[in-house]
Amino acid sequence: MSTGELLDIEPVELKFPFELRKQISCSLQLSNKTDDYVAFKVKTTNPKKYCVRPNTGVVRPRSTCDVIVTMQAQKEAPLDMQCKDKFLLQSVKAINGVTAKDITAEMFSKEAGNAVEECKLRVVYVSPPRPPSPVREGSEEGSSPRASVSENGSANGSEVQRSLLESQEESSETRALIVKLMEEKNDAIQQTNKLRQELELLRRGVNQKGGGISLMFVVLVGFLGILLGFLMKRA
């Protein structure tokens with residue numbers, strides 16, 4: 001803020017968020033801190049580049065006035081984003097009841113003995129504001145997108161971990177069942193081999209005696225057939 005005897009000027013730097021091929025505006029606020037009417041006039045070193053509305057006017061006692069400065073669209077960016085353009089705001093006491101139509105160039109002439117206050121304003125280019133981050137759909141009002149993403153990530157992580165645990169449990173149960181079936185199969189094979197050996201011994205005994213087939217031999221053959229059929233189904 002620039003403080004003079006007549007006007008307070010805010011700000012003293014005209015900051016433009018520079019963008020190519022786009023008109024950009026900023027505002028000045030003039031505050032009259034006296035009980036008199038104050039006339040003002042705004043000049044610039046580059047009048048073709050800027051439009052000032054109003055460039056002349058009157059600030060009533062103890063009141064304010066806004067001045068809009070618009071920079072025309074630029075085709076090229078300045079080197080190092082530096083600007084040498086400047087503005088000069090002149091202010092002078094005026095008679096009561098004066099209007100903007102009554103302002104003349106002679107009112108701001110120091111040669112005529114007028115007490116003219118002057119305030120120099122410089123132009124500064126700044127980076128344009130970044131667009132807001134998109135909010136995820138379904139996020140609650142008042143919650144930040146980052147918090148929503150974190151919560152969703154935690155939920156997804158828990159689901160994945162739960163699925164892995166369930167898969168590991170199912171794999172363990174499957175392996176245990178396979179091991180049990182293999183043990184049962186091996187036991188059955190051993191029992192079959194044992195019965196075959198006993199059957200072979202019985203055959204030899206019958207052949208040596210030269211007699212007919214005994215009832216025990218028939219029972220053993222039938223049991224062996226039933227056991228082999230059961231094993232084939234399990235396999």
*Partner set under ring pair (Phe, Tyr, Trp, His ring centres under 6.0 Å) for F18, not counting sequence neighbours*: Y125
*Is the distance between the ring centroids of F108 and F40 under 6.0 Å?*
no
*Heavy atoms only: give me the nearest A39-I103 pair and the separation to one decimal.*
CB-CD1, 4.1 Å
*Under 4.5 Å between side-chain heavy atoms, hopping through other hydrophobics if needed: is there a path connecting V12 to Y50?*
yes
_Is the shortest side-chain heavy-atom distance between Y37 and I95 below 4.5 Å?_
no
*How far apart are the closest heavy atoms of A94 and M107, and which atoms are they?*
CB-CE, 4.2 Å
*Under 4.5 Å between any side-chain heavy atoms of R62 and D35, yes or no?*
yes
_Using the rule given for side chain to side chain donor-acceptor pair (under 3.5 Å), can you reason through N32 versus T34, listing the C-alpha separation, both sets of side-chain angles and the distance that settles it, and then say yes or no?_
CA-CA 6 Å; N32 184 353; T34 70; 2.7 Å; yes
*Would you confirm whether S27, through its side chain, and V69, through its main-chain N or O, come within 3.5 Å as a donor-acceptor pair?*
no
*Q82 side chain to D80 backbone, donor-acceptor under 3.5 Å*: yes
*So, for P17 and P128, which heavy atoms are closest and what is the spacing to 0.1 Å?*
CB-CA, 3.9 Å
*Between G57 and A100, which heavy-atom pair has the shortest distance, and what is it?*
CA-CB, 4.3 Å
*asked:* Would you say that R122 contacts K84 through its side chain, given a criterion of any heavy-atom pair below 4.5 Å between the two side chains?
replied: no
*Would you please test K41 and L89 for side-chain contact (heavy atoms from CB on, under 4.5 Å) and show each step?*
CA-CA 6 Å; K41 184 177 183 179; L89 191 146; over 6 Å; no
*asked:* With a 4.5 Å cut-off on side-chain heavy atoms, are F87 and V42 touching?
replied: yes
*Assess the side chains of Q90 and E118: does a donor N or O sit below 3.5 Å from an acceptor N or O?*
yes
*Is the NZ atom of K43 crowded by more than 12 outside heavy atoms at less than 6.0 Å?*
no
*Sequence neighbours excluded, which residues qualify as side-chain hydrogen bond (donor to acceptor under 3.5 Å, both in side chains) partners of T99?*
D102
*Any chain of hydrophobic side-chain contacts (each under 4.5 Å) joining V59 to L88?*
no
*Note, V52 side chain near I68 side chain (heavy atom, < 4.5 Å)*: no
*Of all heavy-atom pairs between V38 and S91, which one has the smallest distance, and what is that distance?*
CG1-CB, 3.9 Å
_For the student: nearest non-hydrogen atoms of K49 and C83, plus distance_ = NZ-SG, 4.1 Å
*So with a 6.0 Å cut-off around CD of E13, is the heavy-atom count from everything else above 12?*
yes
*Validation row: M71, Q23 side chains within 4.5 angstrom (heavy atoms)*: no
*asked:* Are the side chains of L7 and S31 in contact, using a 4.5 Å heavy-atom criterion?
replied: no
*Who passes salt bridge (charged side-chain N to carboxylate O under 4.0 Å, His left out) against R53, sequence neighbours left out?*
none
*asked:* For Q29, I'd like to know if atom CD has over 12 heavy atoms of other residues, nucleotides or ligands within 6.0 Å.
replied: yes
*Cluster question for you: counting only ILVMFWY and a side-chain heavy-atom cut-off of under 4.5 Å, with indirect links fine, are F16 and I9 together?*
yes
*Are more than 12 heavy atoms from other residues, nucleotides or ligands located less than 6.0 Å from atom NZ of K93?*
no
_Check whether K22 reaches the backbone of Q74 with its side chain - one donor and one acceptor, N or O, closer than 3.5 Å._
no
*Show your working on side-chain contact (heavy atoms from CB on, under 4.5 Å) between K86 and V123 and close with a plain yes or no.*
CA-CA 6 Å; K86 291 181 175 59; V123 176; over 6 Å; no
_In one Ile/Leu/Val/Met/Phe/Trp/Tyr side-chain cluster, 4.5 Å: L14, M81_ = yes
*Do E117 side-chain atoms and E5 backbone N/O form a donor-acceptor pair below 3.5 Å?*
yes
*Quick one: are L6 and D36 in side-chain contact, heavy atoms under 4.5 Å?*
no
*Chi angles and distances behind the side-chain contact (heavy atoms from CB on, under 4.5 Å) call for D8, T64*: CA-CA 9 Å; D8 288 338; T64 61; over 6 Å; no
*Hey, quick one: are V67 and I24 part of the same hydrophobic cluster, counting side-chain heavy atoms closer than 4.5 Å, chains of contacts allowed?*
yes
